[in-house]
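Read the structure below first, then the notes.
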Number of protein chains: 2
Amino acid sequence: MTDQHSTEARARVLDAAEQLFSEHGYKSVTLRDIAKAVGIKHASLYHHAPDGKEALFVEVTERGLRRHQAGLEAAIQQAEPRIEAQLEAAAHWLLAQPVLDFGRMMSSDMPAIGEVHARRLSEIAYASVMQPIQQIFRQAAARGEIKCANAGLLAGGLLALVESIHHLPAHIATQPKTGMVDAWIDVIVNGLRPNPTTAY
Amino acid sequence: MTDQHSTEARARVLDAAEQLFSEHGYKSVTLRDIAKAVGIKHASLYHHAPDGKEALFVEVTERGLRRHQAGLEAAIQQAEPRIEAQLEAAAHWLLAQPVLDFGRMMSSDMPAIGEVHARRLSEIAYASVMQPIQQIFRQAAARGEIKCANAGLLAGGLLALVESIHHLPAHIATQPKTGMVDAWIDVIVNGLRPNPTTAY
DNA sequence: GTCTATACACTGATAGAC
DNA sequence: GTCTATCAGTGTATAGAC
């Protein structure tokens, strides 16, 4: 391990930090919030994260992104080589993870941390979660399953769609999240327009 | 007007506040940031917004949402009654406005303000921007243009898609934003799968 | 590994001069 | 309408006891 000590207490700190940062954002989460979640005083955090809040945020964010990359690639690989199966595998994996709010990360979190860190995290983010999803679209196009299109645009949109499901109010989100994401994937592949061939 | 005085200086304050809040979020924007954008000292803000930061945020957010409602309904109404034309009209209007980051608003901004204000703003948000877009899908379904579906799910997703375009990195966003949003609308209506009828 | 105590900067907010 | 001055509260961070 590259970790400095990697005790079990440190793991609890990192997990709490990742969960809180990913849900509420960098600025909204204080070191006292994290400490309270772990059950210690905020000063004790500096034993596990000596370089302070920003370094802690960078560490857990990067860790989460790399986990996303590994999980996404595994989920996609073990799915059938059909675009719908692969998109559903990727989307279900994203739904099972701590929320990854790309939009907030770019508009709120990144400007709040050092420019160097921000640029590196942004690159990792795109390489980790955009690339695997872009590959799904590219390969499906190569197999002739779908029309050629801007894979980056599609991947970014799919990510946003998955995230949007978390924010739906209860009176709209009347079915399980996996069902809603599958419905969207069906729309993306087949469209909303009734297939003219079925009309005959 | 219901405004307390409604001078031109006050309008500058509200506009700067709305722009900054909508771009970076409630917590990330300080009163000193807003004051600097207007060109005054932060204490002077209390002349135009005597009730402080949270009340200012609520006011400009509500104002922006109501402007969205009016603008969306107008754009939709003057478009042809075809789903693609109406979705494009709505999306283009959203693109021309200050960014409306629904996801960050729900996960970051709302928990940071008073519960009463948060609930009211959330309701206004859904009534103002979700409802008009849901109507597009519902009416298109009634006209038989599209399959019946969860209009709320579709509306929330379309909003997220428009927002996602703002966060695309430069190497992906190689065409104008309106072109990218139009491409997505085509995907939603017609799907990515090549139409089988065109194959014969 | 966790605590208390403390230093220091920043933020929202108020008071009063001009 | 805008300013300077000032305050209390909170946030990050450090030092040192246990």
Side-chain angles (χ1 to χ4, degrees), chain A residues 1 3-21 23-61 108-118, chain B residues 1 3-21 23-61 108-118:
Chain A
M1 307 285 179
D3 294 352
Q4 11 233 6
H5 28 229
S6 186
T7 66
E8 187 262 344
R10 176 173 157 86
R12 290 232 315 282
V13 168
L14 295 186
D15 289 345
E18 179 180 345
Q19 197 270 323
L20 288 171
F21 281 139
E23 181 165 350
H24 304 294
Y26 179 70
K27 276 274 194 180
S28 296
V29 175
T30 69
L31 292 182
R32 287 176 170 88
D33 293 331
I34 300 173
K36 180 177 280 185
V38 181
I40 59 180
K41 297 296 177 184
H42 77 282
S44 306
L45 288 177
Y46 286 87
H47 177 76
H48 308 285
D51 294 337
K53 184 187 184 184
E54 181 169 330
L56 177 61
F57 174 79
V58 171
E59 178 175 357
V60 297
T61 303
S108 256
D109 297 343
M110 292 300 107
I113 66 177
E115 204 183 343
V116 183
H117 281 151
Chain B
M1 310 285 180
D3 296 351
Q4 10 235 7
H5 30 228
S6 185
T7 65
E8 187 261 346
R10 175 173 157 87
R12 289 233 313 283
V13 168
L14 295 186
D15 289 345
E18 180 181 345
Q19 198 270 325
L20 288 171
F21 281 139
E23 181 164 351
H24 304 293
Y26 179 70
K27 277 271 196 181
S28 296
V29 175
T30 69
L31 291 181
R32 286 172 173 84
D33 293 331
I34 301 172
K36 179 177 282 186
V38 180
I40 59 179
K41 298 295 178 184
H42 79 282
S44 306
L45 288 177
Y46 286 88
H47 177 76
H48 308 284
D51 294 336
K53 184 187 183 184
E54 180 169 331
L56 177 60
F57 174 78
V58 171
E59 177 174 359
V60 296
T61 303
S108 257
D109 297 343
M110 293 299 107
I113 65 177
E115 204 183 343
V116 184
H117 281 150

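Chain letters run A, B, ... following the sequence lines, proteins first, then strands; residues in each count from 1.
Residues A:Lys41 and A:Ser44 meet the side-chain proximity criterion, which asks for heavy atoms closer than 4.5 Å. Side chains of B:Asp51 and B:Leu56 form no contact here, defined as non-hydrogen atoms less than 4.5 Å apart. Counting only heavy atoms from C-beta outward, the side chains of B:Phe21 and B:Lys53 approach each other to under 4.5 Å.
In this structure, A:Lys53 places its NZ atom 9 Å from P of D:dG11, rounding to the nearest Å. Atom CD1 of B:Ile113 is separated from atom C1' of C:dT11 by 18 Å (rounded to the nearest Å). C:dA15 atom P lies 17 Å from atom CG of B:Leu45, rounded to whole Å. Between B:Leu56 atom CG and C:dT11 atom C1' there is a gap of 15 Å when expressed in whole angstrom units. For B:Tyr46 and C:dT14, the OH to P distance is 6 Å, given to the nearest whole Å.
Using a 4.0 Å cutoff on non-hydrogen atoms, the parts of residues 23-33 of chain A near DNA chain D are A:Val29, A:Thr30, A:Leu31, A:Arg32, ordered by number.
Under the side-chain contact (heavy atoms from CB on, under 4.5 Å) rule, B:Tyr26 has a single partner from B:Asp109, B:Leu20, B:Thr61, B:Val58, which is B:Asp109.
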Can you pull every protein N or O that's under 3.5 Å from an N or O on nucleotides 2-5 of chain D?
residue, atom, partner, partner atom, Å
D:dT2, OP2, B:His48, NE2, 2.7
D:dC3, OP2, B:Lys41, N, 2.4
D:dC3, OP2, B:Ser44, OG, 3.1

Exercise for the section: Starting from the C-alpha separation in whole Å, work towards a yes-or-no answer on side chain to side chain contact (heavy atoms under 4.5 Å, CB included) for A:Leu31 and A:Tyr46. Expected result: CA-CA 10 Å; A:Leu31 292 182; A:Tyr46 286 87; 3.2 Å; yes
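The CD atom of A:Gln19 lies 13.5 Å from the CG atom of A:Leu14; values are rounded to the nearest 0.5 Å.
Checked by atom type and distance alone, the side chain of A:Asp15 never pairs as donor or acceptor with a backbone atom of A:Arg12 at under 3.5 Å.
A:Glu59 has a carboxylate O that lies under 4.0 Å from a charged side-chain N of A:Arg10, or vice versa, which qualifies the two as a salt bridge.
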